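Bear in mind that the values here come from a model prediction, so they are computed numbers and not experimental data. In what follows, chains carry the letters A, B, and so on, assigned in the order in which the sequence lines appear, proteins first and then strands, with residues in each chain numbered from 1.
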Protein chains: 2
Amino acid sequence: MRSSTVLVRGKQNGAARGARIGDVAREAGVSTATVSRALAHPAQVSKELRERVGAAVAKLGYTPNAAARQLRVKRSRTVLVVTRRRWSAPFFAEVLRGLDAELSAAGYAMVLANFDGDGGNRSRQLVDMMFSGTIEGAVMLSGIVVAAEGRTMLDAGLPLVSLCAAAEGTHTVLTNEAECIVEGARRLAVLGHTDFLYLAGPPSNYNERVRWAALSAFFADPRQAGLRLRRAESGDFSTDGGLSAAQAFLGLSPRPTAVIASADEIAIGFMKAVRAAGIGVPSDVSVLGFDGIEFADFCEPVLSTIRQPREALGRLGARVLIEAIEAPSLPPLSHHVLPSRLDFRASTGPAPPGGASRGREAAPAPKRKGARAPVPAPAEGR
Amino acid sequence: MRSSTVLVRGKQNGAARGARIGDVAREAGVSTATVSRALAHPAQVSKELRERVGAAVAKLGYTPNAAARQLRVKRSRTVLVVTRRRWSAPFFAEVLRGLDAELSAAGYAMVLANFDGDGGNRSRQLVDMMFSGTIEGAVMLSGIVVAAEGRTMLDAGLPLVSLCAAAEGTHTVLTNEAECIVEGARRLAVLGHTDFLYLAGPPSNYNERVRWAALSAFFADPRQAGLRLRRAESGDFSTDGGLSAAQAFLGLSPRPTAVIASADEIAIGFMKAVRAAGIGVPSDVSVLGFDGIEFADFCEPVLSTIRQPREALGRLGARVLIEAIEAPSLPPLSHHVLPSRLDFRASTGPAPPGGASRGREAAPAPKRKGARAPVPAPAEGR
DNA sequence: ATCGGCGTTGTAATCGATTACATCAGTCGA
DNA sequence: TCGACTGATGTAATCGATTACAACGCCGAT
């Protein structure tokens, strides 16, 4: 049989072998049922035995085995958080903090997994997690419902929350980003700008699509007939993306006087590159970013941006998920919208008096390969 | 008994009720042992039955219950990653990517938990995780071995890796940060600087201590008798910390001409504040940061920094942990050092010809409450 | 004295997989 | 033809907790 000597902190070929519930029961002179009850439902146990059990637990350093408990009660108190590698790190880190704060306060552990649409291995890992009982729900920052072998994460029937993204069949927590970006364009128009350039992020990204759709819809409105909107691709929510978008900008003629980026990183990279080419911000071109990351305050000039409530998004996402998990029956899908806030600062100003530059007075970009034409709007939006 | 109709994707009061191994066995006309073997050790099962089992698994959408498996085989294939809230987000995000990449490739899930030395609740959660069998090992980015109720994370006997930090009894993965910061000071001295200021991060932080210890040891060396080192507190690895350190700097007389910050964020905040006060960088003061975050390339001027191999740190940390977990017996503690790299750019230059300014020509800081005196070196280092 | 009810405690079934061991069929060599 | 061996499969024990149910003692009401 099993060794009868009690190992308090014994180690045995690499794995810890702690006390089991039976050891505690023996030590306290009670049954295992009483030990279990004393720990989980203290009110059901007499003061006398409760104390004996407590002493035995402390003496042996007992911690209930999580797998055994999970198997029996079918609750893991663990949730999955799916992220995307291409995300903006400063944005993501804050959201994660909100999630962690709320989840840990409620006693949930958080499993973090990147998902970048890889071939099939990671997809299967994630889908299996949903079906294996390890997980009680998931927060998806990717907007993608991962699928593998004919099953999707949704099929497990667990609550799912899309955070900063929307997917069929999930709860959603969003911001009013569409309104905000339109409001930004409107404010720039009030400052006299008529020629706009949108710096797009990864076209497959949900937020990217929403922002572009809102912006292009606004410009398509006949009441905005005097305004012009073009679009340049950055490829990524990154400063590098901003650098490459700047090359496209420098090739345009006439040059737009107002630039709206789909992420602060893009705006920051863009500003650096155009200023290096002798273009003034905001004297020649106004730049508006998106997200409100910390470094928007520290670039030159200080970046106008749309501030997203990052930590609050994480907190709300967590609460929505926890509520769905703990509801006695399947709750209806909920949809929340948190407000983002437009913050105009030094990188935006009145349109230059002479109107748009012809793209001549500044030194042309040293080596720009194949003038990137502005890209037509994709099918979605309108 | 249990319903005999097989629920393929059935949901039942909120929780998914998938097929169990017995259902698969019945469907395939074999025993549960054969199903288990067909999935885990296919070579032990005849081709015929292997195929029947595979078909049944696919038909029923069977995924083994993780808790039951864990209970039996005592392996969770899950590791814990402990972070600290006060960490630099861009730094942290990259390290996390490295960890995730390596862990997921090896089939491990990653539980993420912030630890900020909170009263006791979080500590207990973490320690309990170590003892409850949920976790097979942990990577600690905090340098703190969490303890609660007389037990520490170490006591569970599981492998622990300290990443970018060192703690007794753990494997460590570090960078040569001490050498690098001294090399940075040396290079600045070669540029003619003699009056240095160190912008400290949170004094309880491991990296902060190592950097300060190395730097103060270097300046204490009699061969560097002509050099002077002072220290200002930033409180945090944050741009805000840099702003407040700048106030201390502006109050010094004579003002140091070389500033070494313990994090890029601090350096970036510092540069912004002193330039706003009319001090030129690098004409009046040279600034060297630490970490090599993306935004060091986008502030004004471009920040000289010490680049840390962030993703590589994460990857190595994960590999060290996995190796320790999978070793047949307790392996000896290992210690790795990855190289960081000094990168001098626009924010550092020759010492101003006139030597240090007297702290007069620039507008004094508007409201500086109680001139912050330079802080004496703490006990460690020498 | 008898009964019902309540509060406390113990016994044993249960969760769902893995795997030691037993069983059985088939193969090969003597 | 028999026994030893091999390979495939099934039976049932096992992991460690939770909890339904039974048992028990004690109380007050009848």
Side-chain angles (χ1 to χ4, degrees), chain A residues 1-3 6-7 12 15-53 56-57 60-77 128 131-134, chain B residues 1-3 6-7 12 15-53 56-57 60-77 128 131-134:
Chain A
M1 308 281 139
R2 177 185 308 152
S3 99
V6 174
L7 305 171
Q12 184 170 297
R17 290 283 276 109
R20 293 169 299 287
I21 197 171
D23 300 325
V24 176
R26 204 172 316 122
E27 175 76 23
V30 299
S31 73
T32 61
T34 301
V35 174
S36 179
R37 280 192 284 253
L39 295 173
H41 316 283
Q44 293 179 19
V45 176
S46 68
K47 184 153 168 288
E48 150 87 16
L49 291 195
R50 213 186 309 146
E51 280 165 4
R52 291 228 307 269
V53 169
V57 165
L60 302 182
Y62 169 70
T63 305
N65 180 291
R69 185 213 295 276
Q70 245 182 77
L71 175 59
R72 189 57 226 250
V73 303
K74 304 210 172 328
R75 294 219 42 196
S76 64
R77 291 204 149 258
D128 278 355
F131 281 89
S132 69
T134 355
Chain B
M1 302 289 138
R2 179 185 306 152
S3 99
V6 174
L7 305 171
Q12 184 170 297
R17 290 284 274 110
R20 292 168 299 288
I21 197 170
D23 301 325
V24 176
R26 203 172 317 120
E27 175 75 25
V30 300
S31 73
T32 61
T34 300
V35 174
S36 179
R37 281 193 283 253
L39 295 173
H41 315 285
Q44 293 179 19
V45 175
S46 67
K47 184 152 169 291
E48 150 87 14
L49 291 196
R50 214 185 310 146
E51 279 165 3
R52 289 228 308 268
V53 169
V57 165
L60 301 181
Y62 169 69
T63 306
N65 180 291
R69 185 211 295 276
Q70 246 182 75
L71 175 59
R72 190 57 227 247
V73 304
K74 304 208 171 330
R75 294 221 42 195
S76 63
R77 291 204 149 259
D128 278 355
F131 282 90
S132 70
T134 355

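Contact annotation for B:V35: no contact, since no heavy-atom pair falls under 4.0 Å across all strands.
Considering only side-chain N and O atoms, B:K74 lies nowhere under 4.0 angstrom from the phosphate OP1 or OP2 of C:dT18. Listed pair B:S46 / D:dT9 meets the phosphate criterion, a side-chain N or O lying under 4.0 Å from OP1 or OP2. OP1 and OP2 of D:dG16 both lie 4.0 Å or more from every side-chain N or O belonging to A:Y62.
Closest to the side chain of A:R69, out of C:dA17, D:dT18, C:dT9, is D:dT18. Set against D:dG16, C:dT9, D:dG10, the side chain of B:T34 has D:dG10 as its closest nucleotide. Minimum atom distance to the side chain of B:S31 is reached by D:dG10, of the listed C:dT19, D:dG10, C:dC15. Of the candidate nucleotides D:dA20, D:dG10, D:dA17, D:dA20 has the atom lying nearest to any side-chain atom of A:R37.
Computed from coordinates, the A:I21 CD1 to D:dG16 P distance equals 11 Å when rounded to whole Å. With rounding to whole Å, A:Q44 atom CD is found 11 Å from C:dG7 atom P. The distance between atom CG of B:L71 and atom C1' of D:dA17, rounded to the nearest whole Å, is 8 Å. Here the C1' atom of nucleotide C:dT8 and the CZ atom of A:R50 are 12 Å apart, to the nearest Å. Residue A:Q70 contributes atom CD, which lies 16 Å from atom C1' of C:dT14 at whole-angstrom precision. In this structure, A:D23 places its CG atom 14 Å from C1' of D:dC15, rounding to the nearest Å. Counting to the nearest Å, the P atom of D:dT9 and the CZ atom of B:R26 are 20 Å from each other. For the pair A:L39 CG and D:dT19 P, the computed distance is 12 Å after rounding to whole Å.
Heavy atoms only, all atoms of each residue included: A:R50 and A:P42 are closest at NE-O, 3.3 Å. A:G22 and A:T32 get closest at one heavy-atom pair: CA-CG2, 4.0 Å. Across B:E27 and B:A56, no two heavy atoms sit closer than the pair CG-CB, 3.5 Å. Closest approach of A:G133 and A:Q70 over heavy atoms only: O-OE1, 3.9 Å.
Not a single donor-acceptor pair, N or O on each side, falls under 3.5 Å between the base of D:dG16 and the side chain of B:R72.
Looking at B:S76, its side chain does come within 3.5 Å of a backbone N or O of B:T134 through a donor-acceptor pair.
Nearest-nucleotide assignment on DNA chain C puts the 5′-proximal partner with A:G29, out of A:G29 and B:H41.
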